[in-house]
Amino acid sequence: MLNCAPLFWGILIAPRNRICKRGADIFMIDKTYNPTEVEKRWYPFWTEKGYFHADEHSKKPPFTIVIPPPNVTGKLHMGHALFVTIQDLLTRFKRMQGFEALWLPGTDHAGIATQVMVERQLAKEGKTRLEIGREEFLKRVWAWKREKGSNIIEQLKILGASCDWERERFTMDEGLCKAVIEVFVKLYEEGLIYRDERLVNWDPVAKTVLSDLEIDQENENGHLWHLRYDLVDGTGSIEISTTRPETLFGDTAVAVHPDDERYKAIVGKKVKLPLTDREIPIIADAQAADMAFGTGAVKITPAHDFNDFETGKRNNLPRIQVIGIDACMTDNVPEKYRGMTREKCREVVLEDLAASGNLVRVEDYVHMPSRSQRSGALVEPLLLPQWWVNAKVLAEPAIKAVETGATTMTPKLWEKTFFNWMHNIRDWCISRQLWWGHQIPAYYCEDCCKGHIHYIMNPGQKDPDLRIDAQAKPIVAKTCPEKCPVCGGTHFIQEPDVLDTWFSSGLWPFSTMGWPENTDTLKKFYPTSVMETAADIIFFWVARMMMFGIHFMGVTPFKDIYFHALVRDKQGVKMSKTKGNVIDPLLLIYGCHPDTVPEDEKKASRQLFDDYPNGIDPQGSDALRFSLTMLAAQGRDVRLDIKRIEGYRAFLNKVWQASRFVLMNVEKEKDIYSYITKDGCKEPFEAKDLSMADAWILDRLNRVVKEVTDQIEAYNFNEAAQCIYDFLWNEYCDWYIELSKVVLYSNDEAVAKQGHTTRLVLVHVLETILRLLHPFAPFITEEIWQNLPKTADAPESIMIAPWPVVNEAFLNEKEAERTRTLIAIVSAVRNIRGEANIAPSKAIPQMLALTDDAAKREIVESMRASICTLCKIENIVLGDSQTAKPAPCAIGVADNIELVIPFADLIDLAAERDRLAKAIAKVTKDLEASEKKLNNPNFVSRAKPEVVETERARVASGRAELEKLTKARDMLG
RNA sequence: GGGCGUAUAGCUCAGCGGGAGAGCAUCGGCCUUACAAGCCGAGGGUCGCAGGUUCAAACCCUGCUGCGCCCACCA
């Protein structure tokens, strides 16, 4: 039963062995739905035909989405699968609606992530990037990018992504580099980018600065050490507490609150810093010291703590850097401690403090240290010159865009988060001490900057490290200047730092369209229609795109922002390789067996294989997409349960099988066509020829068309999918197809006469539902659609067929209501059969259908054949309330029609009693509830009239039904 | 500390002012000529707890509890 997973993506070059059979005699699809087979067939067809390409010269209105660019060397995960599903859904929907739909794809160079991967690869060869030097290293990264860069793209294609691949971009390709430089230089000239020495977040493992957003803080168990600093004049001491005793060498003051009575006398005195010869002052600072915390006295280390840095500035304290960029102690500490790692130093310092008697006590303490998101290393605040963006200025218009509704957010609650952050935005540190990325276009004149540029050559390094002091004056320009405007010098050093990855991503909506050139693409497709992405990058990416987009294009980069949910495992835990709860989309799509899955993959998916020791059957991209659509309700996280995916694959199988049924029948009648043309779609039948069931299903179909369209427009994708699911399964398959068989298989000439129209309706409803379903499940719908009989001028593919529109002529509530009566009758009889254990094979010789309502008798009469077939009844006798009932008999009530089935040898008396008791109890309960409402004068006077009316109707039919059921019970004795 | 989300059937989730719904799981019956990945029946819920608004509350308001997320501070 299990397939080995084709874990490689070469399958996309599969032959098209069965495209359109238009003109052939036979229309048919395989007996079983095999998603893997179906899905490899159509992607090449679509791309060859160029359907994904959007034309910037088109007259059609534009619809644009730019892809959130995945990491170029990344691997497909569920997050990708979800965004592809939604973005492709929107794109295909709009394309069918007649928009010039552009979904612009590309990848991100992902600075740190990619650099780390290549470094790891180098490490396997026993090399480091420092040994091979920047130039050689970058060659390696480009080679790695070329090798791996297409993987993620091919994987997006497996999911059916209808991106315009002709426009694929990469954040470091030539055009985008040009855009980055243009933006950087402009912002510098406008004073919105500057270089400044400040305390920054230093990641000593990745050896780069990080922005505030790249820092995580979580509770950790640590210690609080209480230290005693003695007063120099020998009159006493002061106790402080710290979580970082190793930084005491950098202390330049002890702060107390000015109102703190305990210390008023000693403010201004000096204390001796333990383990050193230094003396530092006791200062009063209301912001630095909290009287209620500990002893109310705090050590101030301006060079290694953000608060202390500010305190130092307020009080003019010196800054002593005691920890370096390697996270080791600098030469500014006593000799004994120099060169120690900060961790080692802490140990030794604590020992020495204990020995000197300055360590008062230790307590367990939960605190939240800052860690690098990337490396997990403890962030060391260091004073370093870096490049900054003045975010406040850029944020203002972005805030306004959301306030005025120029850009909307769905779900709306994210607006609050957005405003909150934007209003409190701090300057953005954009320089990174990495090699992989956009090198900053700033140049230093070697003559002018003499003494401020330091070359530090460490052993084993190919090139020296470059340290450029804050005093060095940069020249920011698109290209390296030839001559220094100050001294005329001709030797320049380019800033070695690169830009934060998010800097280039921030330009994505316009840099990908050819900016700074004013291209036709930009004119046609900017601003984009929807930004569809995950909310966890709202600050990293969305906010920055808005800031840059508005600043450089004058217009907000997108009209709507739709935030999708996060995909978690079925327990609601975020997926991660280390937790082993990863569900790889490809394992679901192609199926998998533990024996054929590589070890590392199996480890990441440990939980999956625990639950499914025999592996998983291939589900297909369509099923995965449909599942994600159903599960990702607005504003909710997705807990991915494989059982549900299997359920939706079953749904697609149902679509498949229903299509087979339809195709089997149209085959017999070669002149059946559904009238789809490039300009639209026309029903191939007229209202006057329709049966009751035909009219019903068409009424329903048209309502479904409206509902699905509206729900997609409102970004309620799960509602749209649910609507299709329910209609296709519970109405089209369960009822219409079953009713159609009565006509199609009938020997009665009068009935069979309806056959032609029935077949037309069957194929028309199917064809329409396929078009509605196409954006959700593109492959299976194309496969089936290609095999439907169509006229010669029909489009060549479902994906360029027109989106269904409501045809009011077929909205027919009255006929629909009549079919609902039929359904109620059949359900009631089936209930009797089921409860009374009448074998399905056993025919009921006769049933009485009794009602005083002539219209209802007419329904039964006209649907006699259907009722008989669907209920396996041989004969129906019509009558009214006066008609004598045979005893004993079973009685059901449907829509006020009494259905009487003589017992004969069919029915068990006790079972029938139970059934009636249950039915009576239910009707009684409902009736009481309705009567209670109507007996309340407030309800009658205040509730909406139509609500009162339905309640009255309920009481009326409830009473009638109850009476009939009670009589039936009494007859049983 | 501030903000946000969420709690509905055994499980995963829809529904968000007018009789509690789906899929899976469970029980009973069916290989009925599209489908056993199916069909026909059935069982199963004081919609987290406590108040309030309303003729009417799973749905709106308040409080509480559990779970989760974000931001800020932390000696």
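Hydrogens, waters and symmetry mates are skipped; everything else that's a heavy atom, side chains included, is used. So that the names make sense, note that chain A is the first sequence line, chain B the second, and so on, each numbered from 1.
Atom C1' of B:U54 sits at a distance of 27 Å from the matching atom of B:G5, rounded to the whole Å. When the P atom is used for both B:A9 and B:C49, the distance is 11 Å, rounded to whole Å. Rounded to the nearest Å, the gap between the P atom of B:A58 and that of B:G68 is 28 Å. Comparing B:C13 with B:U8, their P atoms sit 10 Å apart, to the nearest whole Å. Distance noted for atom C1' between B:G17 and B:C61: 13 Å (whole Å). Comparing B:G18 with B:C27, their P atoms sit 36 Å apart, to the nearest whole Å. Spacing of P atoms, B:G63 relative to B:G3, comes out at 11 Å, to the nearest Å. The P atoms of B:G28 and B:C67 are separated by 39 Å, rounded to the nearest whole Å.
The residue A:Asn653 sits close to a base: some heavy atom pair falls under 4.0 Å. Across all strands, A:Tyr33 comes closer than 4.0 Å to base atoms (heavy-atom distances). A:Asn936 comes within 4.0 angstrom of the backbone, heavy atoms only, and of no base. If you check every strand for non-hydrogen atoms under 4.0 Å, A:Asp290 touches a base. Using a 4.0 Å heavy-atom distance criterion, A:Leu224 is classed as a sugar-phosphate-only contact. Contacts of A:Ala535 with the nucleic acid, taken as non-hydrogen atoms under 4.0 Å apart, are absent. Looking at heavy-atom distances under 4.0 Å, A:Lys918 makes contact with sugar-phosphate atoms alone, never a base. Heavy atoms of A:Ala633 sit under 4.0 angstrom from primed sugar atoms or phosphate atoms, though from no base atom.
Across all their heavy atoms, A:Val662 and A:Tyr732 have their closest contact at CG2-OH, 3.3 Å. For A:Arg262 against A:Gly294, the heavy-atom pair with the smallest separation is NH1-O, 4.4 Å. Here the closest non-hydrogen pair linking A:Ala633 and A:Asn718 is CB-ND2, 3.5 Å.
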Atom pairs and distances, side-chain donor-acceptor, residues 720-729 of chain A, under 3.5 Å, sequence neighbours left out:
residue	atom	partner	partner atom	Å
A:Gln722	NE2	A:Asp726	OD1	3.2
A:Gln722	NE2	A:Asp726	OD2	3.4

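Using a 4.0 Å cut-off, some side-chain N or O of A:Lys741 falls inside it from OP1 or OP2 of B:A34. Phosphate contact (OP1/OP2 of B:C35, side-chain N/O of A:Lys31, threshold under 4.0 Å): present. Contact annotation: A:Trp729 does not reach the phosphate of B:A37 (side-chain N/O to OP1 or OP2, under 4.0 Å). In terms of phosphate contacts, A:Asn837 brings no side-chain nitrogen or oxygen within less than 4.0 Å of OP1 or OP2 of B:G41. Look at A:Tyr736 and you won't find any side-chain N or O under 4.0 angstrom from OP1 or OP2 of B:A34. Between A:Lys643 and B:U12 there is no side-chain N or O to OP1 or OP2 distance below 4.0 Å.
Distance A:Arg644 CZ to B:G23 P: 10 Å, rounded to the nearest Å. Here the C1' atom of nucleotide B:U33 and the CD atom of A:Glu738 are 12 Å apart, to the nearest Å. Straight-line distance from the CG atom of A:Asp734 to the P atom of B:A22: 13 Å, rounded to whole Å. Here the C1' atom of nucleotide B:U54 and the CG atom of A:Asn938 are 10 Å apart, to the nearest Å. What separates CD1 of A:Ile737 from P of B:U32 is a distance of 18 Å, to the nearest Å. The nearest whole Å value for the distance from the CD1 atom in A:Ile538 to the C1' atom in B:C4 is 12 Å. Put simply, OH on A:Tyr263 is 12 Å from C1' on B:A75, counting in whole angstrom units. Remark: P of B:C70 and CZ of A:Phe539 are 10 Å apart, rounded to the nearest angstrom.
Closest to the side chain of A:Lys944, out of B:G18, B:G41, B:C73, is B:G18. Out of B:A75, B:A42, B:G5, the shortest distance to the side chain of A:Phe293 is found at B:A75. The side chain of A:Arg660 sits closest to B:C35 out of B:C35, B:G41, B:A75. For A:Ala650, the side-chain atoms get nearest to B:A37 when compared with the rest of B:A37, B:G18, B:A34. Across B:A75, B:A72, B:A34, the shortest atom-to-atom separation from the side chain of A:Arg426 is found for B:A72. Minimum atom distance to the side chain of A:Glu719 is reached by B:G15, of the listed B:C40, B:G15, B:A42. Closest to the side chain of A:Cys733, out of B:A34, B:A37, B:G3, is B:A34. Among the nucleotides B:A75, B:A34, B:G29, the one closest to the side chain of A:Gln657 is B:A34. For A:Met368, counting side-chain heavy atoms from C-beta on, the closest listed nucleotide (B:A75, B:A34, B:C73) is B:C73. Residue A:Arg639 has its side chain nearest to B:C13 when only B:A42, B:C13, B:A75 are considered.
When each of A:Met630 and A:Val947 is assigned the nucleotide of RNA chain B with its nearest heavy atom, A:Met630 is the one assigned upstream, toward the 5' end. Heavy-atom distances to RNA chain B give each of A:Asp726 and A:Ala839 a nearest nucleotide, and the one nearer the 5′ end belongs to A:Asp726.
The base of B:A75 lies outside donor-acceptor range of the side chain of A:Glu239, with no N or O pair under 3.5 Å. In terms of polar N and O atoms assigned as donor or acceptor, the side chain of A:Lys654 comes within less than 3.5 Å of the base of B:C35 in a complementary pairing.
The partner of B:C69 is B:G3, by the rule that a Watson-Crick or G-U pair needs both atom distances under 3.5 Å. When both distances must be under 3.5 Å, the Watson-Crick or G-U wobble mate of B:A22 is B:U12. Of the nucleotides present, B:C27 is the one that pairs with B:G41 by Watson-Crick or G-U wobble criteria, both distances under 3.5 Å. Under the Watson-Crick and G-U wobble criteria, each requiring two contacts below 3.5 Å, nucleotide B:G48 is paired to B:C64.
Side chain of A:Glu928 to backbone of A:Lys925: no donor-acceptor contact under 3.5 angstrom is found. Between the side chain of A:Arg833 and the backbone N or O of A:Cys871 there is at least one donor-acceptor pair closer than 3.5 Å. Side-chain N or O atoms of A:Ser740 include one that pairs as donor or acceptor with a backbone N or O of A:Ile737 at under 3.5 Å.
Counting non-hydrogen atoms of other residues, nucleotides and ligands closer than 6.0 Å to CD of A:Glu218 gives a total of 12 or fewer.
Ring geometry, A:Tyr365 versus A:Phe293: the interplanar angle exceeds 60°, so the pair is classed perpendicular (tilted spans 30 to 60°).
By the 4.5 Å heavy-atom criterion applied to side chains, A:Glu310 and A:Phe306 are not counted as neighbours.
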